[in-house]
Amino acid sequence: MSFYLGIDFGTSGVRAIVIDAEKTVLFESQESFTLSKLSSLANNWQVALCNQIQQIPTHLKREIIAVAIDGTSSTVLLCDATGNPVTEPILYNDARGIDNLDIIKKVAPPQHTVLSSTSSLAKLLWWQNLYPEPLYFLHQADWLAFLLHGKLGISDYHNALKLGYDVEQLNYPEWLQKLDLNFHLPEVVTPGTPIGKVQKDVAETLGLSPNCLVCAGTTDSIAAFLASGANAVGEAVTSLGSTLAVKLLSQTKIDDAKYGIYSHRLGDLWLVGGASNTGGAVLKEFFTDEELESLSQKINPSQASTLDYYPLIKAGDRFPINDPNLPPRLEPHPSNPVEFLHGLLESIARIEARGYHLLQQLGANPLKCVYTAGGGAKNYVWTQIRARNLQVSVLPSRHLQAAYGTALLAMQGTEANFSTALV
Ligand code: ADP
């Protein structure tokens, strides 16, 4: 039997999923890790990784022939030549690299995704001022995979996008070399590429087969896309969590730093995405999850609300409206909570539709259908409101867990033609 293991490291927890060759889930587990003490975070990740693997029943674990790990995009760390972290990790949302943006602007193409205070490159430059010695710069997923295969300095082109890796030419571009980086940058491979077998002693400790392959990973949001079931041009995934993120599979690559739009390579296609600050966090300000559930049942989804909000927690959005000072618009506030919720759901749906419209305006293929992930996916009334605004069918993601997408990636890594396939 051949089984595949996907491990998803999100911002606050880890989840593992084992699937068989028919893509059926055989086992699933999860645990949280604390973010409070950054100095022990890498160690917490390592412990969580081992726990997740050790928990898999032995009869399944011995049949796992490939494993892949996804991590939070732009969560990075520095290691010495033996792979020991020499710094605490810098997390995905840490903007300490902001002062380096002027340096990056001088060399990077104008619309490049590295032009963000939270990009991996901005973080690397922040460290470069502190550590003159040539250390190894890795993403969270790279380091965790290293713990299994033991080869230091390997990444995948999803994680490496925000480091400046050229995903079209498949090399580090000349402009990056102008920055005179003194760290060892990872060798970058296609997500899913088999890197090597699990180290013998690690396999023994964790109970894995010594023949189990460790494949290159991806980022958590791409893993969630892979899990959704979307895999054809024009298919998209909206993530309705605390914020709203959209990703549309397109033949055209689109990068527009103004709107924070960038494209990940997926086989021969491009996954074009943008993210708005609107979303479930605003709903949470006014309603409990139970109220969202019960009040939604009282909304007639076929009728458009005339309330026109721009729901935000605080001023500013980038996509689909680029205005750092855009004020939250939540007035008028009707006394009837059903009407108010209808207005909020309708308005977020309009912002989602405007987002997809913008991607198409900038050259993405026409939208054909939308899968949905995140806490808002379970709201069927909202789904109908969104379908009316989007004018395409809206479906729940086939699998909600990013770890499932990463297990598919591990499976793909064992197939001969994996580099051009879409899982
Ligand atoms: P995160 O981005 O924090 O991981 P989740 O994907 O867990 O978010 O989704 C949480 C969000 O889902 C919350 O902000 C909450 O408002 C929203 N949510 C929960 N239940 C519902 C519901 N029935 N309808 C709409 N939104 C919901």
Side-chain angles (χ1 to χ4, degrees), residues 8-15 28 30-35 70-75 91-93 118 140 219-225 227-228 237-247 260 273-301 305 307 309-314 317-319 328 330 337-352 355 370-390 394-406:
D8 162 47
F9 274 80
T11 49
S12 57
V14 54
R15 187 180 289 266
E28 185 167 354
Q30 70 166 115
E31 71 181 82
S32 304
F33 43 76
T34 166
L35 283 172
D70 73 75
T72 313
S73 177
S74 280
T75 290
L91 297 185
Y92 66 105
N93 58 353
T118 58
Q140 180 188 32
T219 64
D220 55 353
S221 62
I222 298 223
F225 185 90
S228 71
V237 174
T238 295
S239 170
L240 274 178
S242 302
T243 56
L244 169 99
V246 303
K247 287 194 170 60
S276 166
N277 292 332
T278 194
V282 186
L283 301 177
K284 219 173 175 164
E285 291 267 295
F286 298 100
F287 304 103
T288 63
D289 283 2
E290 293 69 36
E291 286 169 336
L292 287 174
E293 188 89 42
S294 60
L295 295 173
S296 295
Q297 304 306 320
K298 298 180 181 151
I299 294 172
N300 174 2
S305 166
L307 295 165
Y309 301 142
Y310 203 100
L312 293 171
I313 295 283
K314 58 182 174 97
D317 207 1
R318 191 150 174 213
F319 174 89
L330 291 160
V338 177
E339 259 179 61
F340 182 49
L341 178 61
H342 191 177
L344 288 170
L345 299 181
E346 187 85 38
S347 300
I348 296 174
R350 284 191 203 111
I351 295 168
E352 178 189 18
V370 176
Y371 292 84
T372 316
K378 58 178 176 266
N379 188 325
Y380 184 58
V381 171
W382 200 5
T383 301
Q384 291 169 281
I385 294 173
R386 292 170 52 224
R388 173 166 47 70
N389 279 277
L390 290 164
V394 178
L395 312 158
S397 286
R398 273 187 215 149
H399 289 271
L400 289 172
Q401 301 305 339
Y404 182 84
T406 306

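Both counts, for ligands and for their atoms, begin at 1 and track the order of listing. Nothing fancy with the numbering, it's 1 onward along the sequence.
The aromatic rings of Y404 and H399 lie parallel to each other, with less than 30° between the two planes, well short of the 60° mark.
Listed by chain and number, the residues in a salt bridge (Lys or Arg N to Asp or Glu O under 4.0 Å) with R398 amount to none (sequence neighbours excluded). R318 pairs by the salt bridge (Lys or Arg N to Asp or Glu O under 4.0 Å) definition with nothing, not counting sequence neighbours.
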Enumerate, atom names and distances included, each donor-acceptor pair closer than 3.5 Å involving a side-chain atom of residues 274-281, sequence neighbours excluded.
unit_1 : atom_1 : unit_2 : atom_2 : d
S276   : OG     : T278   : N      : 3.0
S276   : OG     : D317   : OD2    : 2.7
S276   : OG     : F319   : O      : 3.4
N277   : ND2    : G316   : O      : 3.0
T278   : OG1    : P311   : O      : 2.6

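With values rounded to the nearest 0.5 angstrom, Y371 atom OH is found 13.0 Å from L400 atom CG.
Around ligand 1, the residues contributing at least one heavy atom under 4.0 Å from the ligand are G241, S242, G280, A281, L283, K284, D289, L292, G374, G375, G376, K378, N379, W382.
Contact of the E285 side chain with the I313 side chain is registered, since non-hydrogen atoms from C-beta on lie closer than 4.5 Å.
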